[in-house]
Amino acid sequence: DAGITQSPRHKVTETGTPVTLRCHQTENHRYMYWYRQDPGHGLRLIHYSYGVKDTDKGEVSDGYSVSRSKTEDFLLTLESATSSQTSVYFCAITQGRSTDTQYFGPGTRLTVL
Amino acid sequence: DQQVKQNSPSLSVQEGRISILNCDYTNSMFDYFLWYKKYPAEGPTFLISISSIKDKNEDGRFTVFLNKSAKHLSLHIVPSQPGDSAVYFCAASARFQEGAQKLVFGQGTRLTINP
């Protein structure tokens, strides 16, 4: 257990509405990541953070933004949700060692109607 | 461009026998490889890893083999148990400039262990 929680765990929303997902960690990890998981694609990196207020884009960042105002929280925002953003979203953390292992949260299932 | 591939979407194995899951990668910059196991409605959980300077790593019933010349890794589970039924993801690791870990995942293989 890496002390990662995600909220909400499930959400149904409508196209065009803004949505914010929260990742919370309790162990002061420096690096945090957001992924989405879709059938046939495995997990794909959306954005990551390497410190408070330090973030960068991953492989599938279009339509998403992130913020990290304190070490323990990493927020993922869909400014205007689309049906293509229906997915399961996972948050992960690492410590920054050369042989790091990423530990994942329980996930958020998001449905955009 | 799929840098990490798991070509078998599913695999069915009898309980007690060996399960072999395969993964291929294309980028020589990857220096660390991991296997994750995922149950429905849960996050992926770390299973075993291997550094690019090794060719084998064992942890109990799980062994990962790395063939760098072929850019291929495999996960062996011996003996297979019903609780091993899950989706398995391989992942290859590189580094972003800021030190964050870049993980590239395969598509996953659903392993079913039959009693």
Side-chain angles (χ1 to χ4, degrees), chain A residues 1-7 9-10 21 23 25 29-61 66 68 74 88-109, chain B residues 1-10 21 23-25 27 29-54 57 59 64 66 86-110:
Chain A
D1 183 2
I4 306 170
T5 57
Q6 293 185 232
S7 59
R9 293 294 314 277
H10 302 271
L21 309 182
C23 176
Q25 54 123 338
H29 297 290
R30 177 182 175 186
Y31 299 97
M32 299 183 74
Y33 310 80
W34 275 108
Y35 291 87
R36 61 177 289 174
Q37 187 204 353
D38 304 288
H41 289 279
L43 284 83
R44 292 179 293 173
L45 182 66
I46 305 171
H47 280 279
Y48 66 96
S49 170
Y50 48 96
V52 173
K53 299 193 188 307
D54 294 322
T55 65
D56 208 341
K57 296 178 180 179
E59 178 188 0
V60 289
S61 59
V66 290
R68 192 170 179 197
F74 191 30
V88 182
Y89 291 86
F90 291 102
C91 174
I93 56 90
T94 56
Q95 279 287 29
R97 294 181 295 267
S98 61
T99 53
D100 257 333
T101 296
Q102 284 193 21
Y103 293 96
F104 288 82
T108 294
R109 179 173 293 276
Chain B
D1 177 23
Q2 190 78 28
Q3 295 187 63
V4 179
K5 289 186 179 180
Q6 294 175 256
N7 291 317
S8 298
S10 62
L21 295 89
C23 181
D24 297 297
Y25 62 97
N27 192 335
M29 295 300 292
F30 294 134
D31 58 2
Y32 188 55
F33 302 88
L34 307 91
W35 285 94
Y36 286 85
K37 176 179 179 179
K38 188 183 179 307
Y39 293 119
E42 294 184 10
T45 56
F46 169 71
L47 195 56
I48 192 169
S49 61
I50 188 167
S51 167
S52 61
I53 62 174
K54 296 186 176 181
N57 187 29
D59 184 0
V64 56
L66 176 63
V87 177
Y88 289 77
F89 292 99
C90 69
S93 174
R95 286 281 153 194
F96 290 112
Q97 192 171 1
E98 312 86 359
Q101 183 188 45
K102 177 180 180 179
L103 273 191
V104 180
F105 284 84
Q107 306 95 311
T109 296
R110 181 177 301 279

(request) Specify the closest pair of heavy atoms between A:S61 and A:G58, including all atoms of both residues, with the distance to one decimal. (result) OG-O, 4.0 Å
(message) Please classify the contact between A:R109 and chain B as side chain, backbone, both or neither, with a heavy-atom cut-off of under 4.5 Å.
(response) neither
(request) Pick one of side chain, backbone, both or neither for A:D56, based on which atoms fall under 4.5 Å of a heavy atom in chain B. (result) side chain
(message) Please classify the contact between A:R9 and chain B as side chain, backbone, both or neither, with a heavy-atom cut-off of under 4.5 Å.
(response) side chain
(message) Under a 3.5 Å threshold, yes or no: a donor from one side chain and an acceptor from the other, between A:Y33 and A:T94?
(response) yes
(message) So for B:A41, is it side chain, backbone, both, or neither that comes closer than 4.5 Å to the heavy atoms of chain A?
(response) backbone
(message) Given heavy-atom pairs under 4.5 angstrom as the criterion, report whether the side chain, backbone, both or neither of A:Q6 touches chain B.
(response) neither
(request) Can you label the angle between the A:F104 ring and the A:F90 ring as parallel, tilted or perpendicular, going by 30° and 60°? (result) perpendicular
(message) Using heavy-atom distances under 4.5 Å, tell me whether B:L103 contacts chain A through its side chain, its backbone, both, or neither.
(response) both
(message) Please verify the inter-ring angle class for B:F46 with A:Y103; under 30° counts as parallel, over 60° as perpendicular, anything in between as tilted.
(response) perpendicular
(request) Give, as side chain, backbone, both or neither, the part of A:L45 having an atom under 4.5 angstrom from any heavy atom of chain B. (result) side chain
(request) Evaluate the side-chain proximity of A:Q102 to A:Y35: yes if any heavy-atom separation is below 4.5 Å, no if none is. (result) yes
(request) Give the ring-plane orientation class for B:F30 versus B:F33, where under 30° counts as parallel, over 60° as perpendicular and anything between as tilted. (result) perpendicular
